Amino acid sequence: MTTRRDFLKVCTVPPLLTAIPTPINAMIEKVLRLTASKTTKRLVPGDEYQDASVWAFNRTVPGPELRLKKGDTLSLDFINELDEGSSIHWHGIRNINAMDGVAGLTQPEVTPNGQFRYQFPLNDSGTYWYHSHAKTWSQVARGLYGPLIVEDESDPAVDHDIVLMIDDWLLANDATIDEASFGSLHDWTHGGRLGNWLTVNGESLPTIEVSKNSRVRLRLINAANARIFGLNIPASAFLVAQDGYPVPIQETRDVILGPAQRADFIIDLAEENITINETYNSDQPYPAVNLKVVDTTQTLVAKSPLNQPNLEAPPTLIDVTIPLHMQGGAMGNLREANYKGELRPIRELAQNHKKAWAFNGRIAEHHDHLANVSLGQSVSIKVWNDTRWPHAMHLHGHHFWIQKEDGVFLDGKRDTYLFQRGEKANLVFIADNPGFWLFHCHMLEHHAAGMGAVIQVS
Ligand code: C2O
Ligand code: CU
């Protein structure tokens, strides 16, 4: 899909030494606070470059790491110091609907100088993230996101627990944000707004210090608008969770993450430094982050074998099937679509309304319903990606099982599934959470251009 050139750095960068960011701990501060505002951030070092104007939570990109425990209640005041409306969505959390943070659906947008208190229980442990859910294609791209980690007593003991939040920025030649490309019709009808500068935790090729021979938990989060990442971990690495939920533990060094997807690894380091490379977007491995091993006096945890999780089995009977024929985009087969009650040629919809993708022949407004299901029903969204593009389909408020076209289920549950072009698969879930739940492509330009609708559970 992309060539190495897309990831060419605009200069050679000396590796940065990063301390592991200090998390905000809920036990210390009762009501947390996230303030969205404009600030600047140096994305590319060097005198010939400028600071970029970013939008950030608490003036850092990523926003502060929120680290809580399973069973805690997250209480947080969101303060909007931007000059447009915003909100915070807690991606992957089986939330109370009114706290889901979707501006215009589950709450009105928080207006400039307004504030909103989010308060909800954390019933599941795992790796989650938060991000703006208003004009996401612009606000998330400008930096409004951060990690949300929920720990559990039964998590395997590790020496270091490290979040790696991966993003790509589309920068102009002076390393400021490429403003002109926001809203590009080309991006909206193709693969989304892809960047040309890779950052991990907001830095280019950071170096993180870890103890020699230590056991490390790595929590990888793809925060990009549209970019798919492949990561390779050259160490004894075990994939333990995807999208926050456990998977059968297996030794693997590679993972592919669509936008919004997460993967947790437990890795056992030896005496050598390692470099985690990005492998999906170029023929050559592209260095993303260095783990530098240092001597330690600390006692290291025992590297005992990891216990296999008990996985919930998918339902054997499906109460409701929601057929979902996804069409549109460049080189697609969609000639016309229903938009605001009228059948119109897709060319006109693209040019005049920036709409390019349809579910079942219809371009939904963000609050339009795809289906209404009853509380407790088992539901299968029968998806056919009849487009020439991959799509990272995300369901709010629930995790789903994935049933491939041959009927076989993948292990574990996810909240986002990356459909390949032409792929058919069923997303199966128990509708156990009442409310209005968005189902959309997490390639944020695709969502803006029509790939989203609501499933109501009542
Ligand atoms: Cu990550 Cu609709 O969200
Ligand atoms: Cu998409």
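Each ligand, and each atom within it, is numbered from 1 in the order the structure gives. The first residue in the sequence is number 1, and the count goes up from there. All values derive from a computational prediction rather than experimental measurement.
- A cation-pi arrangement is absent between Arg421 and Trp389 under the rule of less than 6.0 angstrom and at most 45 degrees off the ring axis.
- A distance-only check finds no donor-acceptor pair linking the side chain of Asp386 to the backbone of Gly422 [under 3.5 Å].
- One finds the CD1 atom of Ile93 at 11.5 Å from the CD1 atom of Ile96 (value rounded to the nearest 0.5 Å).
- Using a cut-off of 4.0 Å between Lys/Arg side-chain N and Asp/Glu carboxylate O, Lys404 and Glu423 are scored as salt-bridged.
- Cation-pi contact between Arg193 and Phe182: present, with separation from the ring centre below 6.0 Å and deviation from the ring axis of at most 45°.
- Checking His396 against atom 1 (Cu) of ligand 1, every N/O/S atom stays at or beyond the 2.8 Å cut-off.
- Closest N/O/S atom of His91 to atom 1 (Cu) of ligand 1: ND1.
- Counting backbone and side-chain atoms alike, His131 contributes an N/O/S atom closer than 2.8 Å to atom 1 (Cu) of ligand 1.
- Seen from the Cu ion (ligand 2), atom ND1 on His446 and atom ND1 on His391 lie at an angle near 100° (rounded to 10 degrees).
- Residue contact annotation: Cys441 places an N/O/S atom under 2.8 Å from the Cu ion (ligand 2).
- Draw a line from atom 2 (Cu) of ligand 1 to NE2 of His133 and another to NE2 of His440, and the angle between them is 120° (to 10°).
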